[in-house]
Protein chains: 2
Amino acid sequence: MENHHVPPGSPLDRGHPHVACSSCSLRELCLPAGIDARDMERVDSLVNHRRKLRRGEHLYRAGAPLVSLYAIRSGTMKSCVLHEDGREQVAGFHMMGDLLGLDAIGGGRHMCDTVALEDCEVCEIPFSGLEQLSRELPPLQHQLHRIMSREIVRDYGVMLLLGSMKAEERLAAFLLNLSQRFATRGYSASEFNLRMTREEIGSYLGLKLETISRVLSRFQQDGVIEVHHKHLRISDAERLRAILGQAPTSDG
Amino acid sequence: MENHHVPPGSPLDRGHPHVACSSCSLRELCLPAGIDARDMERVDSLVNHRRKLRRGEHLYRAGAPLVSLYAIRSGTMKSCVLHEDGREQVAGFHMMGDLLGLDAIGGGRHMCDTVALEDCEVCEIPFSGLEQLSRELPPLQHQLHRIMSREIVRDYGVMLLLGSMKAEERLAAFLLNLSQRFATRGYSASEFNLRMTREEIGSYLGLKLETISRVLSRFQQDGVIEVHHKHLRISDAERLRAILGQAPTSDG
DNA sequence: CGATGGCCTTGATATAGGTCAAACGGAAGC
DNA sequence: GCTTCCGTTTGACCTATATCAAGGCCATCG
C-alpha cells in the first residue's frame, strides 16, 4: 500500500540483515559519496547502528544533546522549529539519503524536532567519530561540508519562497522540488505519494491548509496535476515551471 | 605577502598588530575561536589576504566559483538570493566576525550575491587551505562545523519568522536579533544605526518597505523604540520581547 | 545657497490569503 | 456492514498587508 516504486537493491528491498554503506544503493547520495572501496570499510565501521521508527515517532527533539547524525535509509521525516507559544513551523521534509541532525552541531543540542511521517529506518552516525574519521579521509570531510552547505542553500531557497512568492508559486516550487528528489532517487518524477498532510505542506510553505487544498484543486482544474488524496501526478511539469517563473528546461 | 609564521608582536610583524587572527579582537567570535596560541600561527598564515570593499560593491556574485571564504573585519553586508524574474530576497545581514561564502561549498559556486552595505574590510580564507588545515587542527575543524551548523539554525529561525509570524512579530524579532548581535560585539544593545534601508529590511522579513515604515512608526508611538531615519534606540526591550512571544488569537 | 535624488512616511484603497463553517470520503474499528 | 474520525474540500466572509499615490526629509552636489 506504500512504497510501490521500489528499485531493486534499494534499502527497502529487505532481506539484508547487516547492510553496510558499501553496499547501500544510496551511497552516492549520502554521506559516503566519493569514498573509494578501501576507505569505505572505515565508514562502514563508523555507521554501525541502525534504528527503526514508527510513524509519528520522534528521531530527536529540540533540546536533546547531540550524539549522532542520522542518514535516512527509508521513509520520510519532517523537521519542525518550535516557537514558545506552541506555533510550529515545518523547516523541511527529508527522504532517503538525507542527513539529519546538522542543526545540533553548533550548540551541541538539537534545535528542532524531527518526526517520522511514515515508518522509517535511519543509520546512526556518531558525530565525534565522524569528525575524527573525516580528518583522516578528505573525501568524507569534503562531503560533510558539501552536505551542510547544500542545506544552507536549500534554506536560502525556502527563504526566497516564503519571502517573495505567492501561494501558487510556492506550491509549484514545492511539487517540482519533491518531483526532482524522487527522480534523483530512482522513482517516478511525475507520480508519487505525498507523505505529509495538507497542514504540514502549509506550514512548510507559510500557508494555511485550506489554501493548499484550494491551490491543488485549481492546479487540477487547470490540468497541471491530478491529485487524489495523497496521490499526486504531475501532468504538465512545463506549466508548473512556468507558474514558478522558471525558464523551460531544454533537455526535459 | 605577510603573516608567514610571524609571531604577533615580533619585529617581523610589519607593525600591523590587528592584521593577524592571533591579535584580532574578533577571534573568539570568528573562525579561530578555540584555537590555542601555537596553532594560531598556522591559521594566521592561512588567512593572509585582506580586501576592502566600498559601499555597494559586491564581495561575490551568484555563479562565481568558490575560491575563499570571507570573515568580516568591519562593516555590514547583505546576502541576496535571486529569482530569474528579477525578484530578490535578502537572505541575511552580516557583520564583523561573520563568516561568508558557506553557500558555495556544496556546488563549488556561490549561490547568492553578497554586497557591502557600507565600506567593509574582509579577511580572505582560501577554502582548500582551510579544509586541509582543519584536518590537522581539530578545534578549527570543529569551529567550522559549528559555524555552518549555526547558519542552518539561523535559517530555521528565519523560516519560522517568514512562515508563521505577523509583521510586528517579524520586526520585533529582527530588532532584538540585531540588538543581540551588537551586544555580542561589545556595542550597545539598545542604540545603534540600521545599516540597511527599509526596503532591505522588508525583503529580509518578507514585507514591503511601507509596512516596515508603518510598524516602526507604530512601535515608536507605543514607546517601544525611538527611530530617526537610520538611528534606532530600543526603549523597552521587554515589550519588544513580549510582542515577539505573543501567541496569535487563542482565546477569543 | 538652492536643486537634485534617494529614502522615508503617511493616507486611501485593493486583494491574497486567512478564518470560520459545513460537509465529504476513506480508513480503521466495532 | 455501520460508525467514527481525521484529513480534506469548498464556500462565504474578513483582515493584514500590498499597492498606489503624494509629499517630506536629508545628504550631496553644482
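All chains are named by letter (A, B, ...) in the order of the sequence lines, taking the proteins before the strands, and each is independently numbered beginning at 1. Heavy-atom basis, side chains included; hydrogens, waters and symmetry copies ignored.
In this structure, B:L209 reaches the bases: a heavy-atom distance under 4.0 Å links it to at least one base atom across the strands shown. Among the atoms of the strands shown, only primed sugar atoms or phosphate atoms (P, OP1, OP2) are found under 4.0 Å from some heavy atom of A:G206.
A:R51 places no side-chain N or O within donor-acceptor distance of the main-chain N or O of A:C123, the cut-off being under 3.5 Å.
Regarding contacts with the backbone of D:dT19, a side-chain N or O of B:K208 is found under 4.0 angstrom from either OP1 or OP2. Contact annotation: B:K230 reaches the phosphate of C:dC8 (side-chain N/O to OP1 or OP2, under 4.0 Å). The side chain of A:R198 contributes no N or O atom lying less than 4.0 Å from OP1 or OP2 of D:dG7. Not one side-chain nitrogen or oxygen of A:S213 sits closer than 4.0 Å to the OP1 or OP2 atom of D:dT10. Residue A:T211 has no polar side-chain atom (N or O) positioned under 4.0 Å from OP1 or OP2 of C:dA16.
A donor-acceptor contact under 3.5 angstrom links the side-chain atoms of B:E210 to the base of D:dC20. Between the side chain of B:R214 and the base of C:dG11, a donor-acceptor pair under 3.5 Å is found.
What you find for A:L117 and A:R195 is that their closest heavy atoms are CB-O, 3.9 Å.
Annotation: proximity of residues 221-228 of chain B to DNA chain D (heavy atom, distance under 4.0 Å) is found for no residue.
With D:dT17, D:dT8, D:dT10 as the choices, the nucleotide that has an atom nearest any side-chain atom of A:T197 turns out to be D:dT8.
In this structure, A:M165 places its CE atom 17 Å from C1' of C:dA16, rounding to the nearest Å. Computed from coordinates, the A:E199 CD to C:dG18 C1' distance equals 14 Å when rounded to whole Å. Atom CG of A:L171 is separated from atom C1' of C:dG17 by 14 Å (rounded to the nearest Å). Atom pair B:L162:CG and D:dT17:P shows a separation of 13 Å (rounding to whole Å applied). Distance, A:H231 NE2 to D:dT8 C1': 17 Å, rounded to whole Å. As a whole-Å value, the separation of B:E200 CD from C:dG6 C1' is 12 Å. Remark: C1' of D:dT8 and CG of A:L232 are 15 Å apart, rounded to the nearest angstrom. Taking atom CG of residue A:N193 and atom P of nucleotide D:dG7, one finds them 17 Å apart after rounding to whole Å.
With no hydrogens or angles considered, no side-chain donor-acceptor pair links A:E226 and A:H231 at under 3.5 Å. Side-chain atoms of A:E121 and A:S74 form no donor-acceptor pair, as typed in the model, at a separation below 3.5 Å.
Comparing A:H229 and A:R170 by the nucleotide of DNA chain C whose heavy atom lies nearest to each, the residue mapping closer to the 5' end is A:R170. Of the two residues contacting DNA chain C, namely B:I212 and A:K166, the nearest-nucleotide position lying further toward the 5' end is that of B:I212.
Note that CG of A:L232 and CZ of A:F182 are 9.5 Å apart. Values are rounded to the nearest 0.5 Å. Between the CD1 atom in A:I72 and the CG atom in A:L26 there is a gap of 10.0 Å [rounded to 0.5 Å].
Screening residues 207-222 of chain B for side-chain hydrogen bond (donor to acceptor under 3.5 Å, both in side chains), with sequence neighbours left out, gives B:E168-B:R218.
Looking at A:K78 and A:E200, their side chains come closer than 4.5 Å, going by heavy atoms from C-beta outward.
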